[in-house]
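Here the structure is laid out as C-alpha cells; the discussion comes afterwards.
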4 protein chains.
Amino acid sequence: MKGALELFARKGYHSTKISDVVKSAGVSQGTFYWYFPSKEKLAIDLIEEGREKLRKVIEQGYRKHAGTVDDMIHSSARLLTDLFEFADENRYLMALLLIKGQGTDPPVQEAVSQTWIAFEEAFKGNVARAIELGMLPGSKDLNIRVNILVALFTGVLSKWLFGPMHDVDFQSPYTSSEMAEETARFEIRGLLGS
Amino acid sequence: MKGALELFARKGYHSTKISDVVKSAGVSQGTFYWYFPSKEKLAIDLIEEGREKLRKVIEQGYRKHAGTVDDMIHSSARLLTDLFEFADENRYLMALLLIKGQGTDPPVQEAVSQTWIAFEEAFKGNVARAIELGMLPGSKDLNIRVNILVALFTGVLSKWLFGPMHDVDFQSPYTSSEMAEETARFEIRGLLGS
Amino acid sequence: MKGALELFARKGYHSTKISDVVKSAGVSQGTFYWYFPSKEKLAIDLIEEGREKLRKVIEQGYRKHAGTVDDMIHSSARLLTDLFEFADENRYLMALLLIKGQGTDPPVQEAVSQTWIAFEEAFKGNVARAIELGMLPGSKDLNIRVNILVALFTGVLSKWLFGPMHDVDFQSPYTSSEMAEETARFEIRGLLGS
Amino acid sequence: MKGALELFARKGYHSTKISDVVKSAGVSQGTFYWYFPSKEKLAIDLIEEGREKLRKVIEQGYRKHAGTVDDMIHSSARLLTDLFEFADENRYLMALLLIKGQGTDPPVQEAVSQTWIAFEEAFKGNVARAIELGMLPGSKDLNIRVNILVALFTGVLSKWLFGPMHDVDFQSPYTSSEMAEETARFEIRGLLGS
DNA sequence: AATGAATGAGAGTTCATTCAT
DNA sequence: CATGAATGAACTCTCATTCAT
C-alpha cells in the first residue's frame, strides 16, 4: 500500500478513494480490508510511520559542543539540510503532514498534530542544549522561542517543497543547502544579519 | 450564510454538509442553491471575501520613514499586532485559510493559495520599501527573504491562534502584542538578539 | 413503504434488500433514506405499528359478565375469531411477528418480543377479569396459566396462518371461526372436553 | 464445529460469520470448506442431527396401557418432562429450532420445518394410540387436535426455555417437571380442570 | 488435510444537487 | 423567491467462498 501515500498527498484524504488505493496496489478491494481495518487506519499508519522517521532525522542534529556564531549557523544549517533532504526524499509524506492532513477526520488530524508536537519536542531538546552550552541567551520562556523556531522551519520547508500553490511536484529554484543556510542565518541573526 | 464559515472552520470542508449549512442559516436546501451554484462556490466566496479584508490589514502597515533598529522592531511589532488582532477577530476565516482549506478540492485550494500569494505580495512591498529606505541590507534575493518572513509570520500566527492541535477554540497564554513583539524581535535580530 | 412488510414477511429481514424495498415502492434508493434513517428503523416502525393494531383487537375482547361454561367457550371463541380474522387480514404483519422477526438484529428482535409481551399483558387482563367474575378457578399463579394460554394461541395461530412449512400464502382448510371454536373448547375443557 | 450451534443460537444465522465459526473451532477458514461445502449446509447438518435426537425422545413416550384420567395426566407429564429436560440440555439446538432458524434462507428454514413436522408426526402416533385405547374421545379430526397439542407444547417449551425476550441464557423459575405437570393438566382438562 | 491470503459481488448509507410546486 | 421531497451516483465496508501453497 505504498502508493496510497502518494495518492493522499496528491488528491487529499477525502478525494482518495479506496478504489484508487487498491488500483495503485494492483489488488482487489477486499484485499485492502484484509490488511487494514479502514481507510482511516491506513492514513494513521502512514503518518505514524513517517513520524518516527522524521523524529530520527531531528534527533541526529543534537548539538554536542559550544562554538562561535558562525559555528552555530553552520551547525543549524547542517541539521536543516538533513531535514530538507529527508523531506525532499519523502515529499508525499511531507505533503500529507504539512498540507493534506488537515481537511481530514479528527483521528487522522490528531495523528498529524501529534507528529508536529513530537517534532517540536525534538527541537526543544536541541535549543535547551544550546542554552546550556552558553551559545544562546537563556530565555525566560523557552517554549515561545521554540514555537517561533518551529513555525519558521515548517513554514520555510513547506514553501520550499511545494511552492505557493502547494503543488506536490513543485521544484524550488534553491537547493536544500542554499535554503538551509539562508534559513539558519535568519534564525540566528534575523533580518539584520549580513 | 455566515454560519458556514464557522462550520468549515470547525468541521472542515468535506465534513460540513450542505444540510448543516442550511440548518445554521435557517433556510431550506433549495434556497441555498438559489444563492450559490455549489458548495464549492460558497467556500471560494468566503475565502475571497476574507482575502480582501486580510490584504487591507497588511497594506496599512506600509512603512513610511527610516529609523533605528528599535524603531524597526516596534514598527514591525505594530503591524504584527494588527495582524494578530484581525486574525483573532476572524478566527473562523483564519482557520479556513491556515488549516482547513488544505484538504479540499483543487478550486478551493487554489483560492486559499491565492490568498497567501496576495499576502506575500503585500509583505514584499513592505520589505522592498524598507530596503529602499536603507533600513535593511539590500539582498541579492528579495524573494527568499520574504518567503522566510512570511513562513515565519503565518507559522507563528497559526500556532498562536489554534495551538498545536489546531483547535479553533484555543486560547494562547500570550496576548497578541506579546506575541507580536517576540516575533518582531526574532524577525529583526534572530535568536541572538537580546 | 407498505410493500416492505410483504417483503420482510416473504424473504425475511436480511434477505430483503433496500433495493427490493424501493423497487416495490417505485422510488429511488435515496428517497428511502429521506423517510427512514435505516432499514432497521423501517422494520421496527412496521412492527410497532402492528403492535398497536394487535393490542386493540385483544382489548376489545374484555369480558364483561359472568355466564355458563358454554358462554365462556363462546366468548373466548368470539375473541379468537376476531384475532384470527385480524391475523388473516394482516398476514404479512403476523409473518413478521410470528416467524421472520426472529433471525434479525437485536433491536428488531426486541421490538418483536415487546409485541408479544404486550399481547400477553392484554390477555392477562382478560383472564384476571374472568377469575374475578368467578368463571375460572383462582390460581396461585396467574402468570403460568396465561403463559400456557398465550403459547397455545400463538402456536395455533401460527400453524393456521402459515401451515407446517411457514408458507406466507398457506390457506388452512379450516375457517377462522372453526379454528377459534376448536381452540376455545380445548382452552376451557382440555382434551377431554367433548 | 460444535461451537457453531451455540453461535447460531446466540447471534442468529445471518449474524454468525464463518470467521466466527472457525475461530470458535480453532481452525482456519480454508479448513471449514474442506469439511462443509457451505455455511448453509453446516446449519442444515446441525438441524438434521438435532432432529433425530428429538424424535427419539418423543417416541420413547409411546403410550402402552389404558388408565384413569390422572394416569393420563401423569403419563403425559412424564413425556413432557423428558422433552423439557432434553430441551434444557440442548438449549442451543432448541434455540435454533424454535427461534433463530426462522429468519434464514429457504433451505435452512425447510430443515427446521421438517423437524417440526417430524415432531408432530411422532405426537400424532401417541394421540392415535390413546384414542385406540379408549382414553381419549375419538375425534372427527385427529389432525386439528394434534395441531393444537403441538402448538401448545412447542409454545410452552419455547417460553420456558427462553422467556419472553428469547434469551438463550434465560432460566425459568419453574422446574421442568412443574412446567410439565401444569401443561399436562391443561392439556387434558383445560382451564377448568382443578 | 490444512492454511490464510485473496477475491468480488453486493450491501447499506451518504449527500450534493435538482425540480415540481 | 422559497421549499423540501426526490434523486442516483458513488462511497466504504462485509463476508462467503476460492485457491495457491
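Quick note on labels: first sequence line is chain A, next is B, and so on, each numbered from 1.
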Practice problem: Look at the side-chain N and O atoms of B:Y33 and state whether any lies under 4.0 Å from the OP1 or OP2 oxygen of F:dT3. | Solution: no
Self-check item: Distance (rounded to the nearest 0.5 Å) between C:S113 OG and D:H166 NE2
Solution: 4.5 Å
Self-check item: First encountered from the 5' end of DNA chain E, between B:K17 and A:T31
Solution: A:T31
Quiz item: Considering Watson-Crick and G-U wobble pairs with both distances under 3.5 Å, what does F:dT17 pair with?
Solution: E:dA6
Self-check item: Face-on cation placement of B:K39 at B:Y13 ring, 6.0 Å and 45° thresholds
Solution: yes
Quiz item: C:F32 CZ to F:dA9 P: how many Å, rounded?
Solution: 19 Å
Practice problem: Name the closest nucleotide to the B:S28 side chain, picking from F:dC13, F:dT7, F:dA2. | Solution: F:dA2
Quiz item: Is D:D169 salt-bridged to D:R91, cutoff N-O under 4.0 Å?
Solution: no
Practice problem: Identify the nucleotide, in any strand shown, that forms a Watson-Crick or G-U wobble pair with E:dA1, with both distances under 3.5 Å; if there is none, say none. | Solution: none
Exercise. Mind calculating the distance between CD (D:Q29) and C1' (F:dT14) to the nearest angstrom?
Key: 12 Å
Practice problem: Could you give me the CA-CA distance, side-chain angles and deciding distance for A:E6 and A:R10, then say whether salt bridge (charged side-chain N to carboxylate O under 4.0 Å, His left out) is met? | Solution: CA-CA 6 Å; A:E6 178 171 356; A:R10 286 195 183 283; 2.9 Å; yes
Quiz prompt | Separation of F:dT7 C1' from C:I18 CD1 (nearest whole Å) | solution = 16 Å
Quiz item: Got a second to check how far A:T16's OG1 is from A:L5's CG, nearest 0.5 Å?
Solution: 10.0 Å
Self-check item: Of C:G30 and A:Y35, the one whose closest DNA chain E nucleotide lies more 5'
Solution: A:Y35
Exercise. Just call it for A:T16: base, sugar-phosphate, or nothing, with non-hydrogen atoms closer than 4.0 Å on any strand.
Key: sugar-phosphate
Practice problem: Specify the separation, in whole Å, of atom CG of A:D20 and atom P of F:dC13. | Solution: 14 Å
Quiz item: Going 5' to 3' along DNA chain E, which nucleotides are the first and last within contact of chain D (any atom under 4.0 Å from a heavy atom)?
Solution: E:dA1 to E:dG4
